[in-house]
K.L.:
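Quick one: the structure is below, and I'll ask about it shortly.
Numbers here are sequence positions counted from 1.
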Amino acid sequence: MEREHGAIDIAIGIILIPLTVFFGSFLLPEPEWDPTPRAEQGHVVFDPHYNFHPNNYTFNEKVAMGKQISFISLVTDPQHLGTFPWLYRFENRANIGNPAPAIDLPTTDGGRLRLADQRGKISVFMFVALTCPPARHQLPLWTALANKYDPEKVNLFVIYSRERHPGEPGFREYVHTKDDEEKMVNARELATLTTLPVAVDSIEETVLEKYGKVPNPAYVIDTEGFIVFKSTWADVRKVEEVVDTLLARDSQMH
């Protein structure tokens, strides 16, 4: 006798189908990105790169990152759920070819980082946290990339946002920070893992909200303070290609 589908079956289906689509898409290759520069309002700019998941990693890298987080928390924690709409709104924040929103933040060494002070240099930054697996993966790659460039021409730094997966499998020892002081403690721990300057956003993520409130975005700002590239997830390879192109064009002009 064929069993009728009850409320429990329907509830399970409602939960499992979106989860299957969500996590299945995590395993797909990343969308193609065209690195060809173009002129826009007097600036050399590049196509942005938008993708829902950090698919710029290999299958094994994605599996390793997946083991660090809790999938149950990902679909039940209000912080994670609140991030998903921003993945779609990211395209409408801090658009390519526009002036970069102001950045004026404290740094882990007691100073301040002001984007306005970087005029005349190419500025490159991503948002990070100790408990963000993609950011942790990118950090040593960005640290190595900084050594490639003349610091008088290119300035790489990171901005500490907030914890992404505290208490989850890969980050059991961490908890959600409640104020700027607690966040600074974690940011200083991250600073021991890199030689890059570490600026610290407010607990409300004031700066990240201006740029698009996703976990690990990356940006390239030209010498005049205009956004010329952004990506939903930081990828050192794309950043390097953009910066190399900008430097080569600048060299040709001079």
K.L.:
Kindly say whether S202 contributes a backbone atom to a donor-acceptor pair with the side chain of D180 at under 3.5 angstrom?
P.N.:
no
K.L.:
Please assess T58 against N60 for the test side-chain hydrogen bond (donor to acceptor under 3.5 Å, both in side chains), listing each intermediate value before the final yes or no.
P.N.:
CA-CA 5 Å; T58 66; N60 288 338; 5.5 Å; no
K.L.:
Using modelled atom types and a 3.5 Å cut-off, is there a donor and acceptor pairing between side-chain atoms of S231 and backbone atoms of W233?
P.N.:
yes
K.L.:
Please list, chain by chain and in numerical order, all residues satisfying ring pair (Phe, Tyr, Trp, His ring centres under 6.0 Å) with F46, sequence neighbours excluded.
P.N.:
none
K.L.:
Between E40 and R38, is there a salt bridge with N-O shorter than 4.0 Å?
P.N.:
yes
K.L.:
Ignoring hydrogens and angles, tell me if any N or O in the side chain of H49 forms a donor-acceptor pair with the backbone of P31 under 3.5 Å.
P.N.:
yes
K.L.:
Applying ring-ring contact (aromatic ring centres under 6.0 Å, His included) as the test, list every pair that has at least one member in residues 160-204; sequence neighbours left out.
P.N.:
H80-H165
K.L.:
Calculate, to the nearest 0.5 Å, the distance between atoms CG and CZ belonging to N98 and R93 respectively.
P.N.:
13.0 Å
K.L.:
Excluding sequence neighbours, so at least two apart, what forms ring pair (Phe, Tyr, Trp, His ring centres under 6.0 Å) with Y149?
P.N.:
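Y149 satisfies ring pair (Phe, Tyr, Trp, His ring centres under 6.0 Å) with no residue once adjacent residues are dropped.
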K.L.:
How would you list, by chain and number, every residue that makes a side chain to side chain contact (heavy atoms under 4.5 Å, CB included) with P35, sequence neighbours excluded?
P.N.:
W33, E241
K.L.:
Does S73 use its side chain to pair, donor to acceptor, with the backbone of S70 at less than 3.5 Å?
P.N.:
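No; judged by distance alone, with no hydrogens or angles, the pair does not exist.
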K.L.:
Can you list the residues that meet the side chain to side chain donor-acceptor pair (under 3.5 Å) rule with K238, with sequence neighbours excluded?
P.N.:
E30, D235
K.L.:
I'd like to check the side chain to side chain contact (heavy atoms under 4.5 Å, CB included) partners of N147; sequence neighbours left out, ordered by chain and number.
P.N.:
none
K.L.:
When you measure from the centre of the six-membered ring of F90, is the NZ or CZ of K230 under 6.0 Å away and within 45° of the axis?
P.N.:
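Because its charged atom sits under 6.0 Å from the ring centre and within 45° of the axis, K230 does stack over F90.
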K.L.:
Which other residues belong to the hydrophobic cluster containing I203, where Ile, Leu, Val, Met, Phe, Trp and Tyr are joined when side-chain heavy atoms lie under 4.5 Å apart, directly or via other members?
P.N.:
none
K.L.:
The criterion is side chain to side chain donor-acceptor pair (under 3.5 Å); which residues satisfy it with E205, sequence neighbours excluded?
P.N.:
R164
K.L.:
Would the F125 and Y211 ring centres measure less than 6.0 Å apart?
P.N.:
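Aromatic pair counts; centres sit under 6.0 Å.
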K.L.:
Looking at residues at least two apart in the chain, or sitting in another chain, which of them share a side chain to side chain donor-acceptor pair (under 3.5 Å) with R162?
P.N.:
Q79
K.L.:
With a 3.5 Å distance limit and no angle check, can you tell me whether D201 reaches the backbone of L208 through a side-chain donor-acceptor pair?
P.N.:
yes
K.L.:
Check this for me, if you would: do E163 and K183 make a salt bridge, where the nitrogen-to-carboxylate-oxygen distance has to be below 4.0 angstrom?
P.N.:
no
K.L.:
Running the 4.5 Å side-chain criterion over Ile, Leu, Val, Met, Phe, Trp and Tyr, what cluster does M65 land in, apart from itself?
P.N.:
Y57
K.L.:
Mind checking what makes side chain to side chain contact (heavy atoms under 4.5 Å, CB included) contact with A199, not counting sequence neighbours?
P.N.:
L105, T107, L113, I159
K.L.:
Holding to side chain to side chain contact (heavy atoms under 4.5 Å, CB included), I want the full list of residues that pass it with D117, two or more places apart in sequence or in another chain.
P.N.:
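Testing D117 for side chain to side chain contact (heavy atoms under 4.5 Å, CB included), a comparison that skips the adjacent residues, returns R114.
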